[in-house]
Amino acid sequence: MPLSANNPDRKSWLHVDKNSDFPIQNIPFGVFLTRDDIITIGTRIGDTAIDLGALHQLGYFKDIPLTDDIFLQDSLNDFIADGRKTWRAVRNRIAEVFDADNDSLKNNTKHKETILFRLDEIEMQLPVQIGDYTDFHSSIEHATNVGSMFRDPENALLPNWLHIPIGYHGRSSSIIPSGIPVHRPQGQMLPDGATEPVFGPSKWVDFELEMAFITTDANDLGEPIPTKEAEEYIFGLVLLNDWSSRDIQKWEYVPLGPFLAKNFASSISPWIVTLDALEPYRVESPKPLKPQLDYLKYEGKKSYDINLEVAIQPKGAKETVVSKSNFKYMYWNMVQQLAHHTINGCPINSGDMMGSGTISGPTENSYGSMLELTHNGEKPLKMKDGSERKYINDNDTVIMRGFCEKDGTRIGFGEVSTKLLPVYKKKK
């Protein structure tokens, strides 16, 4: 099925600002609460949210085999489970309906009142029910930077790193959409020079600049997914701030890896941008530094040129951009990650989320965490209001943005914005 929704010459009859992340060529998918307190699946063009449940009920998806309630749900899981053929057909039809030359909905005022919402009339929700969450560690720059800080710089990368897409199984209960605040975590830490741990609030709360892909039902127990098929099972991507507590992690991560340092929160952008929408922005992955095993080899361009940035906004002050990076720096790409995840027969389900791991680039201003940007607090960052940051302060808001741009067309992810609140105190 052709990707007609990607036509760069297409214009919409809905207003779209020149620098919008959401032109008619994007058509992301999300879940929102409407002004009538109804949860629906929707999309977005410009600053207009589109109720796909209403669009379907009013007959705009005729001839596409969809169940009556496919968009009348509180998650995208069932729609994602329908597979790429359905995603593509629906996205193409949305592009047709909102094309500047199509009057079918454009001139139907009654239908528009039911289908269209201003952004201030909706409240974005978590787009999928995330059953399982895996976080990878796939940026060679990040792995090298952190390894150099805490180990011999000559042996910054562990022996397995260039052979395996390193990952760990995370938790999904504390994954939240943009706009939901996070409380500073507490836990055990070992202060410098101490021999016994102490308990208290983490002093080194950090962001991790990541992206995550959302999967569809992919395989049976015992069945690997080869790299050449992996993209068929990737619905799309979101921005991911995979919060981290560096002082808690430093004490707990040996021998089994991070636990309380990571499971207090991960924040994602609410609109899932499909792999189809990102098709024009494919680029080559970094060249392997060592030969890779056959099941990790692939053909073609499997990385994407996605510009990323992180800003910190102190309470009552202007934001300061602290990092500018790019998804294309990832050493291990998504098809390799999915192939490795399933080579032992691990089944992948609709709505599973796979984090990229911290995305750092080759220059100091492209590092994807405060740990790297401040060299573990030794080089504080200056904010526009004159204050300094070693890590994230209470009441700071961390904002991550991402977009692709080529030949005058921009496809973006919006943002994931999260405020760090003080340690949780139960209300009396």
Side-chain angles (χ1 to χ4, degrees), residues 83-84 132-147 155-170 208-238 240 242 256-258 274-276 278-279 281-306 308 325-350 352-362 368:
R84 176 169 273 198
D132 280 301
Y133 165 44
T134 299
D135 191 34
F136 286 95
H137 182 54
S138 293
S139 162
I140 193 168
E141 288 86 359
H142 174 68
T144 302
N145 292 340
V146 175
N155 298 291
L157 291 179
L158 292 171
N160 61 356
W161 203 94
L162 293 172
H163 297 279
I164 312 176
I166 300 294
Y168 75 97
H169 191 72
E208 290 189 2
L209 173 61
E210 302 194 26
M211 299 202 71
F213 65 87
I214 310 296
T215 65
T216 186
D217 292 323
N219 59 328
D220 295 323
L221 182 66
E223 177 190 9
I225 299 171
T227 55
K228 65 182 178 181
E229 296 177 14
E231 288 181 337
E232 289 298 311
Y233 304 107
I234 298 174
F235 176 62
L237 286 85
V238 294
L240 167 64
D242 196 25
L256 290 181
T274 63
L275 219 55
D276 278 350
L278 297 173
E279 183 67 26
Y281 307 96
R282 288 180 181 270
V283 290
E284 299 281 355
S285 297
K287 300 297 181 188
L289 299 182
K290 283 193 174 183
Q292 296 174 349
L293 294 173
D294 286 346
Y295 79 96
L296 291 169
K297 293 178 180 176
Y298 61 92
E299 295 181 357
K301 297 177 180 179
K302 301 301 181 185
S303 291
Y304 296 83
D305 185 6
I306 304 173
L308 301 168
S325 193
N326 197 296
F327 188 58
K328 68 183 179 183
Y329 297 138
M330 300 300 296
Y331 185 87
W332 296 102
N333 60 48
M334 291 184 288
V335 302
Q336 292 175 306
Q337 290 170 344
L338 195 54
H340 182 66
H341 201 309
T342 61
I343 194 62
N344 65 347
C346 174
I348 302 298
N349 299 315
S350 176
D352 285 354
M353 188 174 102
M354 312 280 176
S356 62
T358 304
I359 302 167
S360 292

State, with a plain yes or no, whether a side-chain heavy atom of [X] is found less than 4.5 Å away from one of [Y].
X    : Y    : answer
Y233 : I225 : yes
I140 : L289 : yes
I164 : L293 : no
F327 : L237 : yes
S360 : T144 : no
L275 : F235 : no
Y168 : L256 : no
S325 : L209 : yes

What residues, two or more places apart in sequence or in another chain, satisfy side chain to side chain donor-acceptor pair (under 3.5 Å) together with [X]?
X    : result
N160 : none
D132 : H169
Q292 : Q336

Output the distance between atom [atom1] ([X]) and atom [atom2] ([Y]), rounded to the nearest 0.5 Å.
X    : Y    : atom1 : atom2 : result
I234 : E229 : CD1   : CD    : 12.5 Å
W332 : W161 : CH2   : CH2   : 7.5 Å
S285 : N333 : OG    : CG    : 4.0 Å
C346 : E223 : SG    : CD    : 12.0 Å
I306 : L278 : CD1   : CG    : 5.0 Å
N326 : D305 : CG    : CG    : 4.5 Å

Restricting to ring-ring contact (aromatic ring centres under 6.0 Å, His included), what partner residues turn up for F136, sequence neighbours left out?
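Partners of F136 by the ring-ring contact (aromatic ring centres under 6.0 Å, His included) criterion come out as none, since no residue qualifies.
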
Report the residues that fulfil ring-ring contact (aromatic ring centres under 6.0 Å, His included) with Y133, sequence neighbours left out, ordered by chain and then residue number.
none

Sequence neighbours excluded, which residues qualify as side-chain contact (heavy atoms from CB on, under 4.5 Å) partners of [X]?
X    : answer
E232 : R84
A339 : T227
P362 : Y329, S366
P224 : I343

If we ignore hydrogens and angles and just use 3.5 Å, is the side chain of N219 paired with the main-chain N or O of I348 as donor and acceptor?
yes

Using every non-hydrogen atom in the two residues, find where [X] and [Y] come nearest and quote the distance to one decimal.
X    : Y    : value
L296 : H163 : CD1-O, 3.4 Å
G355 : L240 : CA-CD2, 3.9 Å
S139 : M330 : N-CE, 3.9 Å

Quick one: salt bridge (charged side-chain N to carboxylate O under 4.0 Å, His left out) pairs with a partner in residues 281-296, sequence neighbours left out?
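Pairs touching residues 281-296 that pass the test: E231-R282, E279-R282, D294-K297.
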
What pairs meet the side-chain hydrogen bond (donor to acceptor under 3.5 Å, both in side chains) rule with one or both residues in residues 337-350, with sequence neighbours excluded?
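Every side-chain hydrogen bond (donor to acceptor under 3.5 Å, both in side chains) pair that includes a residue of residues 337-350, provided the two are not neighbours, is T134-H341, S138-Q337, Y295-H340.
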
Just jot down the salt bridge (Lys or Arg N to Asp or Glu O under 4.0 Å) partners of D217, sequence neighbours excluded, or say none.
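Partners of D217 under the salt bridge (Lys or Arg N to Asp or Glu O under 4.0 Å) test: none.
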
